[in-house]
Amino acid sequence: MENWESYVRKVVPYVPGEQPRQENIIKLNTNENPYPPAPGVVRALHDMNTGKLRKYPDPTCKLLVDAIAENYGLKSSQVFVGVGSDDVLAMIYLTFFNSEKPILFPDITYSFYDVWADMLRVPYEVKPLDNHFKIIKEDYYGPNGGVIFPNPNAPTGIYMELSKVEDIISHNRDVIVVVDEAYIDFGGASALPLIDKYDNLIVVQTFSKSRSMAGMRIGYAMGNEKLIRYLNDVKYSFNSYTMNETALVLGTEAMRDKAYFEETCRKIIHTREWTKEELRKLGFSFGDSMSNFIFAEHESVPAKELFEALKKAGIYVRYFNKPRIDNFLRISIGTDEEMCELVEFLKEYIK
Ligand code: PMP
């Protein structure tokens, strides 16, 4: 009998939403953007110099970092990029969550937070949302080893006003506060203007939702220069070449096309508000989502049943079999046509 198994880092992995192989699925289960990437991205991919792939990419990711910095009016030394915000967040955990005190996050939130904590042996404590699924800011005042929450929160879609976000940051000046803004472009106000005032704040965003590039895997963190330097030290100690050449070039194009980005977000917000009205008429209730999804509960039909019926009909949404949220469906916002099909199906099924 060999004993190597006692030295394995045993983890319970994060389970991503299903990526079906069939083509004709209405896919509303992973909060992807239903619109294609910006036209400049398509052109750049077409014109890509594949000869360049022979070489390692630029480890500093300068092209992309500069484009992000320019877009937000920051210095390039205030921007860190990674392979999706998942990679950025994992690097943040490694770099900043090294206290013996627990890090804090909500009980209902992005389900990767406890997975990273368990994997990296970071102690954590969850703080229950209130009955309306809102974050109770006072819960984050006590001693802790760091704070992380999404704004808007996921999977609820609920946004916390900036004054409350600032209140949490200002009560935690001795630790790092991470605001995960994966969904901020769909109506909320970013905490980014606060990075000059608070040297313990990191704002994390992604190209996966509002910039239609989940498949390219690009995420970024913004904060003061010292924080970004520490993050880069850890990145270079782990993997110098996180971002491939294609991601650097295409990400830069996506960031530069502000008009396309704004138009896409506007369309999604419009479709979301239409979908809210229709779902309400059908007997669904939900908090006021400011993201590209709606987290809804029906007055009589159980969520699990709806989830299965929708799946059979080729409409994929997300269902979490977890305490407090096991009667909810998380429905990503697709195109107008896709949301019409969803509503038509539900009208038939529920009547
Ligand atoms: N944060 C939140 C709150 C999310 O919902 C997601 C998407 N699963 C991510 C981060 C990670 O997104 P990505 O790695 O695609 O940037």
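Just follow the structure's listing: the first ligand is 1, and inside any ligand the first atom is 1. The first residue in the sequence is number 1, and the count goes up from there. Since we're looking at a predicted model, the values are computed, not measured. Basis for what follows: all heavy atoms, side chains included, without hydrogens, waters or symmetry-related copies.
- Of the protein's heavy atoms, Ser208 OG, 2.6 Å lies nearest to atom 15 (O) of ligand 1.
- Only one option out of Asp199, Ile202, Ile195 pairs with Asn224 in a side chain to side chain contact (heavy atoms under 4.5 Å, CB included); it is Asp199.
- Regarding atom 11 (C) of ligand 1, its nearest protein heavy-atom neighbour is Asp86 OD1, 3.1 Å.
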Side-chain polar contacts of residues 100-108 - donor-acceptor pairs under 3.5 angstrom, sequence neighbours left out - could you list them?
| unit_1 | atom_1 | unit_2 | atom_2 | d |
| --- | --- | --- | --- | --- |
| Asp107 | OD1 | Leu129 | N | 2.9 |
| Asp107 | OD2 | Arg324 | NH1 | 2.8 |

Show every donor-acceptor pair shorter than 3.5 Å between a side-chain atom in residues 311-318 and any protein atom, with sequence neighbours excluded, or say none if there are none.
| unit_1 | atom_1 | unit_2 | atom_2 | d |
| --- | --- | --- | --- | --- |
| Lys311 | NZ | Glu18 | OE1 | 2.9 |
| Arg318 | NH2 | Val15 | O | 2.8 |

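- Ring pair Tyr110/Tyr113 is perpendicular by interplanar angle, where above 60° counts as perpendicular and below 30° as parallel.
- For Lys267 and Tyr35, the positive end sits near the middle of the six-membered ring, less than 6.0 Å away and at most 45° from its axis.
- Within ligand 1, the atoms closer than 4.0 Å to a non-hydrogen atom of Gly84 are 14 (O), 16 (O), numbered from 1 in the order shown.
- Protein heavy atom nearest atom 12 (O) of ligand 1, with residue, atom name and distance: Ser85 OG, 3.2 Å.
- Taking atom 8 (N) of ligand 1 as the reference point, the nearest protein heavy-atom neighbour is Tyr110 OH, 3.2 Å.
- Taking any N or O of Arg217, backbone or side chain, at least one lies under 3.5 Å from an N or O belonging to ligand 1.
- Summary of contacts: the protein heavy atom closest to atom 1 (N) of ligand 1 is Asp180 OD2, 2.7 Å.
- At a cut-off of 3.5 Å, with distance as the only test, a side-chain donor of Asn144 or Asn172 sits close to an acceptor on the other residue.
- For atom 7 (C) of ligand 1, the closest non-hydrogen atom on the protein side is Lys209 NZ, 3.1 Å.
- Atom 4 (C) of ligand 1 has its closest protein heavy atom at Tyr183 OH, 3.6 Å.
- The existence of a salt bridge linking Glu308 and Lys304 is confirmed by a sub-4.0 Å separation between a basic side-chain nitrogen and an acidic carboxylate oxygen.
- Evaluated for a side chain to side chain contact (heavy atoms under 4.5 Å, CB included) with Glu341, the options Thr335, Leu346, Ile26 yield exactly one hit, Ile26.
- Within the 4.0 Å heavy-atom shell around ligand 1 one does not find Phe207.
- Annotation for ligand 1: atoms under 4.0 Å from non-hydrogen atoms of Ala182 are 1 (N), 2 (C).
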